[in-house]
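FYI, the numbering just counts along the sequence from 1. All values below come from the heavy atoms of this structure, side chains included, with hydrogens, waters and symmetry mates left out.
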Amino acid sequence: MDKIGSQANDALTSPAAQRNREPIAEVLRQVLPETGRVLEIASGSGEHALHFAAGFPTLEWLPSDASPEARRSIAAWRRTAGLGNLAEPLALDVTSDWPVEAPLAAIVCINMLHISPWSASEALFAGAGRTLGEGAPLIVYGPFRKQGQHTAASNARFDADLRARDASWGIRDLEAVDALAETAGLVREADYSMPANNACLVWRRRAC
Ligand SMILES: C[S@@+](CC[C@H](N)C(=O)[O-])C[C@H]1O[C@@H](n2cnc3c(N)ncnc32)[C@H](O)[C@@H]1O
C-alpha cells in the first residue's frame, strides 16, 4: 500500500483495491442482504470499506484490521467520507477474540488468506461459524489453486514470490479452504471468476 497526501494524513492507497473494488461490489450486490451489520476482515487501506459503505447505504459497514497502520488509514479515509453507515475500524486479528456481537449479516474478506499463515484461514472460518447469522454469507476474494493447480502462470509466479517473502504465506487450495468451511458449518454457494485470475467465493452459514 502506498501513502497518499501529506505526512499528517495517514490515508494509504492500494492500486489493486482501486481496480478490484467495483468488480467485487458487483458480486456483493448479488449476495449481501438489504440490511444488517457487515464485518469486513483485513480492510487494509480502507478504500474498499469506503466504496462499499457508499454503495450499500442500508447496511452498516464494520471495517477492521489487525494492523494499527491499516486502522489509522481506514480512520483517515472515514473522516474524509462522512458516511453515517461506516463504523470506526475495529482492532480485529482473526486469530484472537473477535470484538463483535453476533449475529452478523455478512462477512467480507479480501486478499488476506494468501498473505497470512494458514492459521489465519482456519481462524477466519471458525470465527465466521461463531458470528454469522443463519444463512448469512462469508465472501472471500483472492487467488486460489483449484484441483491442485494454479489457475494461471502469473498466479504460480505470485505464489513463489509470496513463499519467498514468508514461508507461511501462499495461495491456498480451494479444496482445503472448503474443508475449513465445512467444519465451521458453512456451505459453498458460488465461485465467481474475477479479473486478474482471482476468485470471489461465497459460503453461507447453515441453519443449526
Ligand atoms: C494484502 S492486504 C489486503 C488489504 C485489503 N483487504 C485489500 O484488498 O486492499 C492484507 C491485510 O490483511 C491483514 N491481516 C493479516 N493477517 C491478519 C489477521 N491475522 N487478522 C486480521 N487481519 C490480518 C493485514 O494487516 C493487511 O491489511
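Inter-residue side-chain proximity for Arg165 and Leu162 is flagged as met; some heavy-atom pair is nearer than 4.5 Å. Side-chain contact between Leu90 and Trp98 is absent, with no heavy-atom pair separated by less than 4.5 Å. With a 4.5 Å cut-off on side-chain heavy atoms, Leu132 and Leu186 count as touching. Two residues are said to be in side-chain contact when any heavy atoms from C-beta on lie closer than 4.5 Å; Arg204 and Val187 fail this criterion. Contact check for Phe158 versus His114: side-chain heavy atoms found under the 4.5 Å cut-off. Two residues are said to be in side-chain contact when any heavy atoms from C-beta on lie closer than 4.5 Å; Pro195 and Arg19 fail this criterion. For the pair Thr151/Pro143, no side-chain contact is recorded, criterion being any heavy-atom separation below 4.5 Å from C-beta on.
Summarising the geometry, atom SG belonging to Cys109 is positioned 8.5 Å from atom CD belonging to Glu40; distances are rounded to the nearest 0.5 Å. The CD atom of Gln147 lies 10.5 Å from the CG atom of Asp173; values are rounded to the nearest 0.5 Å. For the atom pair CG (Leu113) and OH (Tyr141), the distance works out to 13.0 Å, reported to the nearest 0.5 Å. Ile74 contributes atom CD1, which lies 5.5 Å from atom CG of Asp65 (distance to the nearest 0.5 angstrom).
Taking a 6.0 Å sphere around CD of Glu101, one finds it holds 12 or fewer heavy atoms contributed by other residues, nucleotides or ligands.
Between Arg29 and Glu22 a salt bridge is recorded (basic side-chain N to carboxylate O distance below 4.0 Å). Of the charged side-chain nitrogens involved, none lies within less than 4.0 Å of a carboxylate oxygen, so that Arg145 and Asp159 do not count as a salt-bridged pair.
Ser96 is linked by a side-chain hydrogen bond (donor to acceptor under 3.5 Å, both in side chains) to nothing, counting only residues two or more places apart in sequence or in another chain. Legend: residues meeting side-chain contact (heavy atoms from CB on, under 4.5 Å) with Pro68, ordered by chain and number and at least two apart, are Arg71, Arg72.
In the hydrophobic cluster analysis, where Ile, Leu, Val, Met, Phe, Trp and Tyr join through side-chain heavy atoms closer than 4.5 angstrom, Val108 is grouped apart from Leu92. Tracing side-chain contacts under 4.5 Å through hydrophobic residues (I, L, V, M, F, W, Y), one reaches Leu138 starting from Met112; they form part of the same cluster. The hydrophobic cluster containing Leu104 does not contain Phe56, counting ILVMFWY residues as joined when their side-chain heavy atoms lie under 4.5 angstrom apart, directly or transitively. Clustering ILVMFWY residues whenever any of their side-chain heavy atoms sit less than 4.5 angstrom apart, transitively, puts Leu39 in a cluster other than the one holding Val202. By the rule that hydrophobic residues join a cluster once side-chain heavy atoms approach within less than 4.5 Å of another member, Leu124 and Val177 end up as members of one cluster.
Checking side-chain atoms of Arg163 against main-chain N and O of Asp161 turns up no donor-acceptor pair under 3.5 Å.
With hydrogens and angles left out, the side-chain atoms of Asn20 and His48 include a donor and acceptor closer than 3.5 Å.
Closest approach of Ala11 and Ala76 over heavy atoms only: N-CB, 3.7 Å. A pairwise comparison of heavy atoms in Trp169 and Pro117 identifies CD1-N, 4.1 Å as the closest pair.
Taking the six-membered ring for Trp and thresholds of 30 and 60 degrees, Phe125 and Trp203 have ring planes more than 60 degrees apart, a perpendicular arrangement.
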